[in-house]
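Comments concern the structure below.
Nothing here was measured: the structure is a model prediction, and the numbers come from that model. Note: hydrogens, waters and symmetry copies are ignored here, and every other heavy atom, side chains too, is used. Protein chains get the first letters and strands the later ones, always in sequence-line order, with residue 1 at the start of each.
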Amino acid sequence: MSEINVKYGENLRPFPAPATVLDAFKALDRDVLKRTLAAKVNGEQVDLGSSLPETGETVVIEPITSDSDDGLELIRHSTAHLLAAAILDLFPGTKLGVGPALMEDPRYGYYYDIIAPRQLTEADLPVIEKKMKAMAKQNLPYRREIVEKARILDIFEGREEPLKCELISDKVTDTASIYYIDNSPFIDFCLGPHVPHTGKLGAFKLLALSGAYWKGDATREQMQRIYGTAFARQEELDAWLKQREEAEKRDHRKLGRELDLFSISDDYGQGLILWHPKGGVVRMEMERLLREELEQRGYSFVFTPHIAKRALWVTSGHEGNYSDSMYAPTSIEEEEYRLKPMNCPFHIGIYKSSPRSYRDLPQRYSEMGTVYRAELSGTLHGLMRVRGFSVDDAHLFVRPDQVHAEVADCLDFAIKVFDTYGFDKVKFELSVRGGAENKGYLGSDEDWNAAEEQLASALKERGISYERIEGEAAFYGPKIDIKIEDAIGRVWQLGTIQLDFNLPERFELEFTGDDNLKHRPFMIHRALFGSIERFFGVLIEHYAGAFPLWLAPVQVTVLPITDRINEYAEQVADELRRAGFRVESNTRSDKIGAKIRDAQMQKIPYMLVLGDQELENKQVAVRERKQGDIGAMSLNKFKEMITLQKEKRRL
RNA sequence: GCCCAAGUAGCUCAGGGGUAGAGCGCAUCCUUGGUAAGGAUGAGGUCGCGGGUUCAAAUCCCGCCUUGGGCUCCA
């Protein structure tokens with residue numbers, strides 16, 4: 001009888017063969033076994049019930065416990081299988097697609113794609129969930145079997161699972177593993193591993209029903225996707241559900257209405273934003289901050305039209321590559337025009353309007369340029385995905401040797417601005433050429449190498465850690481994408497700094513060098529917010545509608561306790577207005593409690609409660625929206641306090 | 001575009017084959033009250049749009065529109 005040497009942590013111990021992973025843990029560590037769902041054997045994930053390899057070499061085993069990320073993924077994946085098993089039980093004849101765990105999408109934990117004999121509706125979800133709970137209680141084992149390709153195909157053909165057969169044909173060369181759940185009609189073609197039995201599952205919930213295409217391809221089968229989530233423990237699921245509710249409370253569409261910031265009306269068109277006066281204030285402040293920075297950084301301000309001749313879009317390449325997202329042409333005196341989906345060609349027009357010398361570069365043109373894109377109706381979402389929006393756009397026309405410095409300044413700019421809004425977690429991604437497929441990259445290797453090197457060195461010089469992503473560059477140049485994390489941990493892709501070898505070529509841009517020869521400039525597209533509408537949406541959710549003083553649509557509200565005080569209240573309000581603040585006064589005959597409630601719900605940063613005492617002492621009693629009553633002070637002292645806050649753009 | 005759900009007063013929603021309900025908001029009046037809702041009265045709706053069934057449709061059926069959740073982290 002042979003032996004297997006098992007290494008577990010520092011322990012090395014021989015076991016008589018054959019033995020399973022479970023046998024090893026039973027002998028080595030009963031404590032950890034309770035939390036263990038599967039294991040890594042020589043670094044490879046396997047089921048607890050799998051046999052230890054008898055190769056003669058030492059076998060290294062590690063537990064995959066329920067409190068690890070790997071463990072959670074296992075739970076979610078196994079729960080997805082439980083979901084499929086419950087559906088097969090309730091709806092015989094259902095065709096299965098795929099059912100992965102989702103670890104990066106904070107909204108969901110797993111899904112399973114199916115084609116049921118009838119269209120399922122949301123009303124079916126509780127029924128399916130109940131079945132899953134019942135199956136979980138029965139501690140049904142997940143069983144694994146290794147079979148030949150031909151036999152797997154037989155099994156799934158016999159079960160009339162065409163999609164599974166397609167997968168098997170694609171993926172399997174000789175043998176593969178399949179999984180059963182005992183006492184259930186479920187069989188899946190799956191690498192595993194899984195939890196040992198369904199009793200390890202329980203903290204799960206089905207969340208949503210949606211449509212999905214097989215392999216994400218709109219020309220393939222339309223399937224139904226059931227989303228759910230799962231955790232190791234019920235408390236974690238409860239906490240997650242609670243956080244989800246919190247996120248709903250921050251929904252910018254809800255707050256946009258409640259705080260009267262913006263609206264979208266079908267009478268005007270889907271995906272078109274009406275900025276209300278209070279939203280307009282926030283936008284003006286957002287633009288003011290940008291303008292200050294742009295001025296200091298040597299940008300110039302340009303303004304360009306919303307439509308241009310169709311021929312321009314042919315030259316720019318938009319007509320060829322981007323036509324689906326552009327509004328149809330409109331004719332004026334036999335000449336066709338199209339709404340602009342991007343601002344670049346106009347800025348190029350400004351560059352080209354006169355000959356440029358190397359001494360003139362860089363040229364930095366900025367514009368809050370409004371563009372229109374014909375997004376599919378189903379993808380529209382509040383402020384986040386719209387059909388008309390303004391980009392805080394800028395195009396830099398630079399000499400090849402200037403790329404580094406300009407990119408570095410863009411990075412400083414981004415960090416400064418996002419920091420002002422309180423986004424302290426900013427991620428940078430450098431997208432470069434690479435990967436197996438050749439995307440038909442434009443421009444010489446020389447240019448690319450130089451450009452990628454300059455982007456990377458700008459990031460390094462600024463001490464910015466970044467992720468380098470091979471193969472994600474656009475065909476026309478490498479780029480840096482900027483992502484921010486908001487107050488509740490959601491990540492938003494916002495700005496981009498993009499090098500472009502394409503448009504300078506297409507538009508034959510040039511400048512005269514010190515050698516008196518013509519050279520081609522590089523073009524850098526950069527936007528920090530991407531779309532100011534979208535960034536506004538992100539801000540609303542980030543602050544949950546409670547904008548910092550400098551952004552708040554109403555900064556101070558004056559609340560007289562009785563009608564006797566109304567006159568004094570108006571004086572106070574006027575004085576603050578003259579000092580440059582946005583002030584309201586509430587002289588309605590409500591009780592002070594009601595006025596405060598109103599102001600709190602409008603999330604106004606400061607409330608000045610004025611009664612006989614304040615009138616007599618020439619003071620204001622200050623209530624801050626989060627801290628509550630912070631005591632009485634002179635109006636001058638209050639003014640000083642908020643002036644400082646406003647000027648420093650404190651959070 | 002495709003799958004599921006929902007469209008009733010400005011907002012949040014209840015109701016449901018026999019001519020429309022609540023709370024909030026709004027208006028007017030009473031009240032002048034010290035840190036998150038004082039009281040009374042009143043105005044407000046082609047029940048998303050179009051068609052069908054019916055003596056009768058907001059309600060049942062069909063179509064459309066809009067809104068919301070989604071639409072490859074592959075076995």
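For the residue pair A/His276 / A/Ser263, a side-chain donor-acceptor distance below 3.5 Å is found, with atom types taken as modelled.
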So which protein nitrogen or oxygen atoms get under 3.5 Å of nucleotides 70-73 of chain B's nitrogens or oxygens?
unit_1: B/G70; atom_1: OP1; unit_2: A/Arg107; atom_2: NH1; d: 3.1
unit_1: B/G70; atom_1: O5'; unit_2: A/Tyr108; atom_2: OH; d: 3.3
unit_1: B/G70; atom_1: O3'; unit_2: A/Tyr227; atom_2: OH; d: 3.1
unit_1: B/G70; atom_1: O2'; unit_2: A/Ser210; atom_2: OG; d: 2.3
unit_1: B/G70; atom_1: O2'; unit_2: A/Tyr227; atom_2: OH; d: 3.4
unit_1: B/C71; atom_1: OP1; unit_2: A/Tyr227; atom_2: OH; d: 3.2
unit_1: B/C71; atom_1: O4'; unit_2: A/Gly211; atom_2: O; d: 3.0
unit_1: B/C71; atom_1: O2'; unit_2: A/Tyr213; atom_2: N; d: 3.2
unit_1: B/U72; atom_1: N3; unit_2: A/Lys215; atom_2: O; d: 3.4
unit_1: B/C73; atom_1: N3; unit_2: A/Glu104; atom_2: N; d: 3.1
unit_1: B/C73; atom_1: N4; unit_2: A/Glu104; atom_2: N; d: 3.4
unit_1: B/C73; atom_1: N4; unit_2: A/Asp105; atom_2: N; d: 2.2

Protein-nucleotides 39-41 of chain B N/O pairs under 3.5 Å:
none

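Distance noted for atom C1' between B/U46 and B/U8: 12 Å (whole Å). Comparing B/A9 with B/C13, their C1' atoms are spaced 11 Å from each other, to the whole Å. Going from the C1' atom of B/A37 to that of B/G25 covers 13 Å, rounded to whole Å. Using C1' as the reference atom, B/G10 and B/G52 are 33 Å apart when rounded to the nearest Å. Spacing between B/C62 and B/G23 at atom C1', rounded to whole Å, works out to 36 Å. B/U31 and B/C60 have their P atoms separated by 50 Å, with the value rounded to a whole Å. Taking atom P on both B/A20 and B/A27, the two are 27 Å apart, rounded to the nearest angstrom. Comparing the P positions of B/C55 and B/G1 gives an interatomic distance of 38 Å, to the nearest angstrom.
With hydrogens and angles ignored, the 3.5 Å screen pairs no side-chain donor or acceptor of A/Asp598 with any backbone N or O of A/Lys595. At least one donor-acceptor pair under 3.5 Å links the side chain of A/Gln555 to the backbone N or O of A/Arg582. The main-chain N or O of A/Gln627 is found under 3.5 Å from a side-chain atom of A/Glu624 such that the two form a donor-acceptor pair.
The residue A/Arg76 sits apart from the nucleic acid: no heavy atom pair falls under 4.0 Å. Base engagement by A/Gly611 is indicated by at least one non-hydrogen atom pair under 4.0 Å involving a base atom. A/Ile178 comes within contact range of no nucleotide atom at all, as no heavy-atom separation falls under 4.0 Å. Base engagement by A/Asp612 is indicated by at least one non-hydrogen atom pair under 4.0 Å involving a base atom. Note on A/Gln600: a base of the nucleic acid sits closer than 4.0 angstrom, heavy atoms only. Nucleic acid contact for A/Ile592: sugar-phosphate only, since backbone atoms but no base atoms lie under 4.0 Å from a heavy atom of the residue.
Taking atom OH of A/Tyr112 as the reference point, atom C1' of B/C4 lies 21 Å away to the nearest angstrom. The NZ atom of A/Lys254 sits 11 Å away from the C1' atom of B/C11 (whole-angstrom rounding). Nucleotide B/G69 holds its P atom 11 Å from the CZ atom of A/Arg244, rounded to whole Å. Across the protein-nucleic acid pair, A/Gln602 atom CD and B/C24 atom C1' stand 13 Å apart, rounded to whole Å. The CG-C1' distance, from A/Asp598 to B/G25, rounds to 10 Å in whole Å.
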Anything under 3.5 Å between a donor and an acceptor, one on a side chain of residues 37-44 of chain A, the other on a protein residue two or more places apart or in another chain? List them.
unit_1: A/Lys40; atom_1: NZ; unit_2: A/Asp70; atom_2: OD2; d: 3.2
unit_1: A/Asn42; atom_1: OD1; unit_2: A/Val60; atom_2: N; d: 2.8

Residues 613-622 of chain A side chain polar contacts: donor-acceptor under 3.5 Å, at least two apart:
unit_1: A/Glu614; atom_1: OE1; unit_2: A/Gly611; atom_2: N; d: 2.8
unit_1: A/Asn617; atom_1: ND2; unit_2: A/Gln613; atom_2: O; d: 3.2

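Closest approach of A/Arg220 and A/Tyr213 over heavy atoms only: O-CD2, 3.9 Å.
Partners of A/Phe204 under the ring pair (Phe, Tyr, Trp, His ring centres under 6.0 Å) rule, at least two apart in sequence or in another chain, do not exist in this structure. In terms of the ring pair (Phe, Tyr, Trp, His ring centres under 6.0 Å) criterion, residue partners of A/His381 (sequence neighbours excluded) are, by chain and number, A/His252.
With values rounded to the nearest 0.5 angstrom, A/Asp251 atom CG is found 5.5 Å from A/Glu541 atom CD. Expressed to the nearest 0.5 Å, how far CG of A/Leu261 lies from CH2 of A/Trp275 amounts to 9.0 Å.
For the OP1/OP2 pair of B/U12 and a distance below 4.0 Å, the side-chain nitrogens and oxygens of A/Arg257 include at least one atom meeting the criterion. For B/G38, the OP1/OP2 oxygens have no side-chain nitrogen or oxygen of A/Arg588 closer than 4.0 Å. OP1 or OP2 of B/U66 has at least one side-chain nitrogen or oxygen of A/Gln270 nearer than 4.0 Å. Residue A/Arg253 places at least one side-chain N or O under 4.0 Å from the OP1 or OP2 atom of B/G69.
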request  = List the steps, then state whether side chain to side chain donor-acceptor pair (under 3.5 Å) holds for A/Asp481 with A/Tyr466.
outcome  = CA-CA 10 Å; A/Asp481 283 327; A/Tyr466 63 93; over 6 Å; no
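Scanning atom types as modelled, no donor and acceptor separated by under 3.5 angstrom connect the side chain of A/Ser589 and the base of B/U32. Between the side chain of A/Glu375 and the base of B/G1 there is no donor-acceptor pair of N/O atoms closer than 3.5 Å.
In this structure, the nucleotide among B/A36, B/G33, B/A5 sitting nearest to the side chain of A/Arg597 is B/A36. Distances from the side chain of A/Asp629 to the nucleotides B/G33, B/C26, B/U35 place B/U35 closest.
Looking at which nucleotide of RNA chain B each of A/Asp590 and A/Asp251 is closest to, the 5′-most match is held by A/Asp590. Position along RNA chain B of the nearest nucleotide to A/Gly382 versus A/Gln119 favours A/Gln119 as the more 5'-ward residue.
Nucleotide B/G50 carries an anti base; the chi torsion (O4'-C1'-N9-C4 or O4'-C1'-N1-C2) is more than 90° from 0.
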